[in-house]
Number of protein chains: 2
Amino acid sequence: MREEDLKQRLRARDLRITPNRLQLLTAVDGFVGAIPHTKLQADLASMDRVTLYRTINSLLEGGLIHRASANEQETYYALCEDSCQADAHQHQHIHFKCDTCEKIYCLPMRQDLHLNTGAFKVRTFEILASGQCEACASLEK
Amino acid sequence: MREEDLKQRLRARDLRITPNRLQLLTAVDGFVGAIPHTKLQADLASMDRVTLYRTINSLLEGGLIHRASANEQETYYALCEDSCQADAHQHQHIHFKCDTCEKIYCLPMRQDLHLNTGAFKVRTFEILASGQCEACASLEK
DNA sequence: CTCACTAATGCAACAATGTTGCATTTAAGG
DNA sequence: CCTTAAATGCAACATTGTTGCATTAGTGAG
């Protein structure tokens, strides 16, 4: 994505445009799948560790990125769709972790999920899946 | 659940029966929903912090309990069904966190979920949902 | 362009969570 | 009982995330 587009996204959410934020967004955008926090820290080593946490938080709150958890300690981040609101992320997708290459992918939901949970009113949900990704499956053949 | 049943579960998975393990299982079993780690630590304060981690690990590996993540820092644990194998948990259920009382419930899946993810082969999945639980909904009326 | 104001940053310190090594104790089978 | 391997407790360490505060920098107004 062009830097100007990233700046535009920041402006759209009333977030100041700073080198750190652009660096972070570029790193997230450039990574295939959701990027692990440790990788962010390694790639953005010039940025203070605390600043990284706070920058991530700003972008999370601003709805520019989202957390893609994977049922582990490590947390992952990915860019949001344009349609995401600051307070209401529109993520009807699956966070898929490949058992082989360990990448985290955000896959679209192709089925309208109807969570039938009786008297429990579901407001949001997230699906964590694991298995084998497309790339690793084709390598195996 | 009776203590004898808990012992039986330990034996079934070739795990030694120790007071710590029985305490832990009793705490998990007695809690409504999945129990947070912090609550376990508070309730089992007599147990060494490290021993708690290791005991949890043994029971996780033995398939007696499972982790119920909730897209947060805190981790939660719940008893497994009898049918769970040590290496393959049969959890086609939803981990539901109530926004009001913050309890974590393990709800059964009433719908057969067909994850249509193209060339991505799904092996396991977990659903994290949030909303309002039955108890909190009825209180509100 | 400059100024003023607020938000962002960097640093230090702290807090919470989880792990490893090692010596000691204990469960379980003979 | 006795033996043996597993479980436990303690100390130390590692990782991850947070808070306070002084300094710097982005932004909008003039």
Side-chain angles (χ1 to χ4, degrees), chain A residues 3-4 6-27 34-77 86 104, chain B residues 3-4 6-27 34-77 86 104:
Chain A
E3 179 164 300
E4 190 49 45
L6 297 177
K7 287 186 182 177
Q8 198 46 52
R9 291 193 174 207
L10 285 167
R11 275 190 214 102
R13 300 301 163 89
D14 284 320
L15 291 169
R16 291 188 178 181
I17 296 167
T18 73
N20 280 339
R21 290 181 178 172
L22 288 175
Q23 265 190 73
L24 178 46
L25 285 173
T26 303
I35 191 167
H37 185 99
T38 47
K39 170 101 175 108
L40 276 177
Q41 204 163 304
D43 286 1
L44 309 177
S46 65
M47 191 183 315
D48 185 74
R49 208 170 58 88
V50 176
T51 302
L52 175 57
Y53 279 111
R54 291 201 264 229
T55 305
I56 288 173
N57 256 331
S58 305
L59 300 186
L60 281 175
E61 286 170 17
L64 290 204
I65 61 176
H66 66 276
R67 227 188 285 264
S69 49
N71 209 359
E72 295 177 24
Q73 323 51 268
E74 179 97 272
T75 51
Y76 298 81
Y77 302 95
I104 306 285
Chain B
E3 180 165 301
E4 190 48 47
L6 298 176
K7 288 186 181 175
Q8 198 46 53
R9 290 194 175 208
L10 285 167
R11 274 189 216 104
R13 301 303 163 90
D14 283 320
L15 291 169
R16 290 190 179 178
I17 296 167
T18 73
N20 280 338
R21 291 181 177 172
L22 288 175
Q23 266 191 74
L24 178 45
L25 285 173
T26 302
I35 191 168
H37 184 99
T38 49
K39 171 100 175 105
L40 276 177
Q41 203 163 302
D43 287 1
L44 309 178
S46 66
M47 191 184 315
D48 184 73
R49 209 170 57 87
V50 176
T51 302
L52 176 57
Y53 279 111
R54 291 200 265 227
T55 304
I56 288 174
N57 256 330
S58 304
L59 300 186
L60 282 175
E61 285 169 18
L64 290 204
I65 61 175
H66 64 276
R67 226 188 286 265
S69 49
N71 210 0
E72 298 176 22
Q73 322 50 270
E74 177 94 274
T75 51
Y76 299 80
Y77 302 95
I104 306 285

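Computed from a prediction, not measured in an experiment: that's the story for all the values here. Throughout, protein chains are lettered first and strands after them, A, B, ... in sequence-line order, and every chain is numbered starting at 1.
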* Send over the distance from N57(B) CG to dA7(D) P, rounded to a whole Å. =>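 The distance from CG of N57(B) to P of dA7(D) comes to 12 Å, rounded to the nearest Å.
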* To do: Report the C-alpha distance between R9(A) and L25(A) in whole Å, list the side-chain angles of each, state the deciding distance to 0.1 Å, and finish with yes or no for side chain to side chain contact (heavy atoms under 4.5 Å, CB included).
  => CA-CA 10 Å; R9(A) 291 193 174 207; L25(A) 285 173; 5.6 Å; no
* Between L15(B) and V50(B), who's closer to the 5' end of DNA chain C by nearest nucleotide? ->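 The residue closer to the strand's 5' end, by nearest nucleotide, is V50(B).
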* Identify, between T18(B) and Q41(B), the residue whose nearest nucleotide on DNA chain C lies closer to the 5' end. =>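 The residue whose closest nucleotide sits nearer the 5' end is Q41(B).
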Could you check whether the side chain of [X] and the base of [N] have a donor-acceptor pair of N or O atoms closer than 3.5 Å, going by distance alone?
X      : N       : value
R21(A) : dG26(D) : no
R54(A) : dG20(D) : yes
R49(A) : dG17(D) : yes

Checking contacts here: which listed nucleotide ([options]) is nearest the side-chain heavy atoms of [X]?
X      : options                   : result
Y53(B) : dG17(D), dT17(C), dC11(C) : dT17(C)
D48(A) : dG18(C), dG10(C), dA28(C) : dG10(C)
R16(A) : dA8(C), dG10(C), dT18(D)  : dA8(C)

* To do: Would you please confirm or rule out a distance under 4.0 Å between OP1 or OP2 of dG10(C) and any side-chain N or O of N20(A)?
  =>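 Yes, N20(A) has a side-chain N/O under 4.0 Å of OP1/OP2 on dG10(C).
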* OP1 or OP2 of dG9(D) sitting under 4.0 Å from any side-chain N/O of T51(B)? ->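 So the side-chain polar atoms of T51(B) do come within 4.0 Å of the phosphate oxygens OP1 or OP2 of dG9(D), strictly under.
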On a heavy-atom basis, which atom in [X] and which in [Y] lie closest, and how many Å separate them?
X       : Y      : value
L59(B)  : L10(B) : CD2-CD2, 3.7 Å
E4(B)   : R11(B) : OE2-NH1, 3.4 Å
I104(B) : A68(B) : CG2-CB, 4.3 Å

* Asked: What nucleic acid atoms does S58(A) come within less than 4.0 Å of, heavy atoms only: base, sugar-phosphate, or nothing?
  ->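 Nothing, no nucleic acid heavy atom in range.
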